[in-house]
Amino acid sequence: MSQVPEDDLPEQLRIRREKRAAIVARGAEAYPVAVPRTASLAEIRERHQGLDVDVSTGVIESVSGRVIFKRDTGKLCFATLREGDGTELQAMLSLDKVGEEQLNLWKSEIDLGDIVSVTGEVITSKRGELSILAKSYNLAAKSLRPLPVEHKPLSEETRVRMRYVDLIVRPEARTNARLRPAVMRQLRESFNARQYIEVETPMLQVMHGGAAARPFKTFSNAYDMDLFLRIAPELFLKRCVVGGLERVFEINRNFRNEGADSSHSPEFAMIESYQAYGDWNTMADLTRGLVQEAAMAVYGTHQVVHHDGTTFDLGGTWREANLYDLISDGVGEKVTPQTSLEDLKKIAAKLGMKVDPKWITGKLAEEIFEHVTEGQLIEPIFVRGFPVDTSPLVRGHREVEGLVEKWDLYVQGFELATGYSELIDPVIQRERLVEQASLGAKGDLEAMNLDEDFLRAMEYAMPPMGGMGMGVDRLLMALTGLGIRETILFPLVKPEEN
RNA sequence: GGGUUGUUAGCUCAGUCGGUAGAGCAAGUGACUCUUAAUCACUGGGUCGGGGGUUCGAAUCCCUCACAACCCA
């Protein structure tokens with residue numbers, strides 16, 4: 001932030017700076033180290049419920065909060081204080097309780113947005129409003145900037161750029177900020193109840209892997225080498241299972257150097273978990289359990305109510321469908337894993353799709369799937385059986401040639417989670433990764449690397465297992481109906497020009 | 001990457017055909033001992049996102065850059 005000369009400041013900022021200076025000049029503190037506080041506003045409300053009109057309780061308390069409304073009348077002033085979770089309490093300052101000097105200072109020095117401490121008796125006003133009738137007050141922190149209008153919504157951009165202000169003025173912002181940790185807490189409890197162990201694996205990786213995505217690259221001065229921000233923790237979690245951590249999960253950030261839109265953020269929180277002796281079906285049950293338990297924890301029901309008021313049913317067992325059946329239905333002709341690349345290209349052309357010549361057969365099939373189901377798949381559905389050539393870490397389907405045991409969970413039209421029966425044969429795994437490396441050499445920027453240490457770990461024998469991954473931000477989206485940038489407190493925004 | 005729309009007071013937004021910049025809230029001064037988005041009176045506040053062009057004259061038309069939202073890939 002550049003330094004603006006004092007007299008170039010907008011009027012309202014200049015006036016507040018002058019008030020701060022005046023407070024300091026008369027020997028008071030604009031930013032004291034502590035202020036009196038005996039109870040939160042919520043505690044005062046809790047302890048003094050159901051009082052009649054115009055009651056004096058005789059109870060003296062000190063409370064603090066941000067001034068969000070201020071109504072100065074001649075000898076009796078009112079202010080509404082708000083604390084972090086949105087709880088509000090009225091403060092009253094009267095001439096006969098605080099004296100003329102303090103009342104005048106309150107009127108002249110305290111502005112909307114300031115944080116104050118008020119000490120006095122808990123009463124109800126003649127209109128019945130629970131209030132603190134001040135004996136004294138202290139400024140806790142002077143706000144040098146005016147609050148935005150309380151009754152008009154902030155523009156979307158300002159909400160994201162100044163989330164701290166958004167949190168002060170918008171109830172939904174406060175709710176959303178608290179919803180996320182509540183979901184995280186439940187996720188960990190759900191895993192814990194199933195005897196899963198939480199581990200933390202590297203975010204700075206020598207070699208990125210575990211997903212098809214372009215990474216962020218960085219450099220370590222100490223090690224004098226390139227490093228990557230991880231795109232997935234998969235290969236490290238599987239190493240854990242080799243070592244006997246039979247049920248593991250990790251909830252942490254992944255980074256993908258790709259486009260950002262209403263459901264993609266360059267950094268996003270991801271749950272991944274692996275269960276020895278499980279398979280894709282085990283992981284589907286686990287995933288449904290995690291989602292439903294999260295819904296129950298935050299809403300007390302599986303019928304979640306979105307921010308726009310619509311309800312969405314996450315309950316029951318969810319529909320399942322085969323990927324190639326959905327493709328066949330969507331394009332109106334039979335498509336199988338054996339359908340050739342050429343035939344798929346004809347279908348894509350008929351659909352008016354733009355085809356990247358680098359796409360391999362399975363990739364094109366998946367693109368056609370996304371094209372024909374665009375905007376559908378609203379109710380939760382497990383889409384099962386993906387092509388082998390795009391899923392190098394997944395075990396071959398036990399019944400259908402050319403497929404792997406992988407499902408994608410779709411909710412509200414977007415992909416919420418994915419689950420596998422994991423490939424555990426190190427010889428086949430090496431073949432698949434060699435194939436990926438050759439795709440990479442041909443210019444596929446999303447292709448996976450040959451991770452020799454991962455293959456060595458597999459050669460020590462990895463037990464049969466299932467694995468799953470779910471985006472935490474997307475889980476929040478499914479629970480709230482919000483866009484991804486509303487589920488993240490501080491999504492990336494380009495700096496404003498000065 | 002392509003297209004569309006937007007950027008005006010602290011905030012949210014108007015601004016007609018190109019002719020001296022508007023509102024509500026917020027702010028300043030004064031009045032008011034029961035207000036609840038208090039009320040009443042008066043007052044101040046603008047590089048109209050940045051740069052360039054057309055014109056006697058540009059918030060408005062054109063070009064360009066930045067940022068944002070939405071749609072498409």
Side-chain angles (χ1 to χ4, degrees), chain A residues 2 4-5 7-19 22 52-56 67-82 88-100 102-104 106-114 123-134 143-162 164-166 168-171 214 258-264 348 351-359 364 367-368 370-371 374-375 445 483-486 491-498:
Chain A
S2 67
V4 183
D7 34 330
D8 275 6
L9 279 176
E11 181 192 36
Q12 300 204 31
L13 302 196
R14 184 175 44 79
I15 287 169
R16 290 197 176 213
R17 275 166 173 74
E18 287 166 6
K19 287 186 180 182
D52 208 347
V53 166
D54 204 8
V55 171
S56 301
V67 178
I68 55 149
F69 293 121
K70 196 162 177 266
R71 297 171 290 274
D72 292 344
T73 68
K75 301 185 181 60
L76 180 63
C77 298
F78 302 86
T80 303
L81 308 184
R82 177 185 289 161
E88 295 173 5
L89 189 70
Q90 177 167 272
M92 296 167 62
L93 289 89
S94 70
L95 178 66
D96 55 5
K97 288 283 191 300
V98 300
E100 189 173 357
Q102 284 297 302
L103 192 68
N104 285 338
W106 171 267
K107 288 186 197 177
S108 62
E109 288 180 351
I110 303 300
D111 289 308
L112 294 184
D114 292 354
I123 64 159
T124 56
S125 70
K126 285 178 183 167
R127 297 290 174 87
E129 181 83 26
L130 187 65
S131 309
I132 294 276
L133 179 58
S143 173
L144 296 183
R145 288 173 182 271
L147 284 179
V149 179
E150 176 79 17
H151 313 287
K152 295 264 186 170
L154 276 180
S155 66
E156 298 251 355
E157 186 176 352
T158 309
R159 286 187 204 171
V160 168
R161 284 197 189 278
M162 301 199 287
Y164 36 89
V165 176
D166 190 28
I168 293 168
V169 299
R170 194 167 59 101
R214 296 179 65 175
E258 297 174 340
D261 59 33
S262 60
S263 64
H264 294 81
L351 294 167
M353 293 172 55
K354 215 167 150 189
V355 175
D356 186 331
K358 286 202 287 284
W359 286 348
L364 182 52
E367 292 287 340
I368 292 173
E370 284 175 26
H371 186 268
E374 177 84 42
L445 297 167
I484 196 166
R485 286 158 70 85
E486 291 289 317
L492 187 65
V493 271
K494 288 200 186 181
E496 302 154 272
E497 252 195 316
N498 244 326

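Treat the numbers as computed from the prediction; the structure is a model and nothing was measured. Quick note on labels: first sequence line is chain A, next is B, and so on, each numbered from 1.
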Using atom [atom1] in both nucleotides, what's the gap between [N] and [M] to the nearest angstrom?
| N | M | atom1 | value |
| --- | --- | --- | --- |
| B/G10 | B/G28 | C1' | 14 Å |
| B/U43 | B/U4 | C1' | 43 Å |
| B/G49 | B/G6 | C1' | 11 Å |

>> One pair to check against side chain to side chain contact (heavy atoms under 4.5 Å, CB included): A/Glu258 and A/His264. What are the steps and the verdict?
In response: CA-CA 8 Å; A/Glu258 297 174 340; A/His264 294 81; 5.8 Å; no

Kindly say if [X] contacts the phosphate of [N], meaning a side-chain N or O under 4.0 Å from OP1 or OP2.
| X | N | result |
| --- | --- | --- |
| A/Arg485 | B/A69 | yes |
| A/Lys75 | B/U33 | yes |
| A/Ser131 | B/U36 | no |

Need one value for [X]: base, sugar-phosphate or nothing, where a base atom within 4.0 Å counts as base even if backbone is also close, heavy atoms only.
| X | answer |
| --- | --- |
| A/Lys152 | sugar-phosphate |
| A/Met92 | base |
| A/Arg16 | nothing |
| A/Arg159 | nothing |
| A/Leu154 | sugar-phosphate |
| A/Lys19 | sugar-phosphate |
| A/Asp54 | nothing |
| A/Ser155 | sugar-phosphate |
| A/Glu156 | nothing |

Nearest-Å distance, [atom1] ([X]) to [atom2] ([N])?
| X | N | atom1 | atom2 | value |
| --- | --- | --- | --- | --- |
| A/Glu18 | B/A27 | CD | P | 15 Å |
| A/Glu486 | B/A68 | CD | C1' | 14 Å |
| A/His264 | B/C71 | NE2 | P | 14 Å |
| A/Ile123 | B/U33 | CD1 | P | 16 Å |
| A/Leu9 | B/A9 | CG | P | 16 Å |

> Less than 3.5 Å between a donor and an acceptor, one on the side chain of A/Gln12 and one on the base of B/A26, is that the case here?
Replying inline: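 Per atom types, the contact qualifies.
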
> Taking atom types as they are modelled, is there a donor-acceptor pair under 3.5 Å from the base of B/G45 to the side chain of A/Glu11?
Replying inline: no

> Mind checking whether A/Arg16 and A/Leu9 have side chains closer than 4.5 Å, heavy atoms only?
Replying inline: no

> Is the number of heavy atoms from other residues, nucleotides or ligands under 6.0 Å of A/Lys107 NZ greater than 12?
Replying inline: yes

>> Measuring from the side chain of A/Leu112 (C-beta onward, heavy atoms only), which nucleotide among B/A73, B/U33, B/A27 has the closest atom?
In response: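 Of the candidates, B/A27 comes closest.
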
> So which heavy atom on A/Ala134 is nearest to which on A/Lys97, and how close?
Replying inline: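 Shortest heavy-atom separation between A/Ala134 and A/Lys97 comes out as O-CB, 3.3 Å.
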
Applying the Watson-Crick and G-U wobble criteria at under 3.5 Å, what pairs with [N]? Answer none if nothing qualifies.
| N | value |
| --- | --- |
| B/C17 | none |
| B/C42 | B/G28 |
| B/A69 | B/U4 |

> Should A/Glu129 and A/Arg71 count as an ion pair when the cut-off is N to O under 4.0 Å?
Replying inline: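 Salt bridge flag = no for A/Arg71 with A/Glu129.
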
> Toward the 5' end of RNA chain B, which comes first, A/Pro153 or A/Ile15, by nearest nucleotide?
Replying inline: A/Pro153

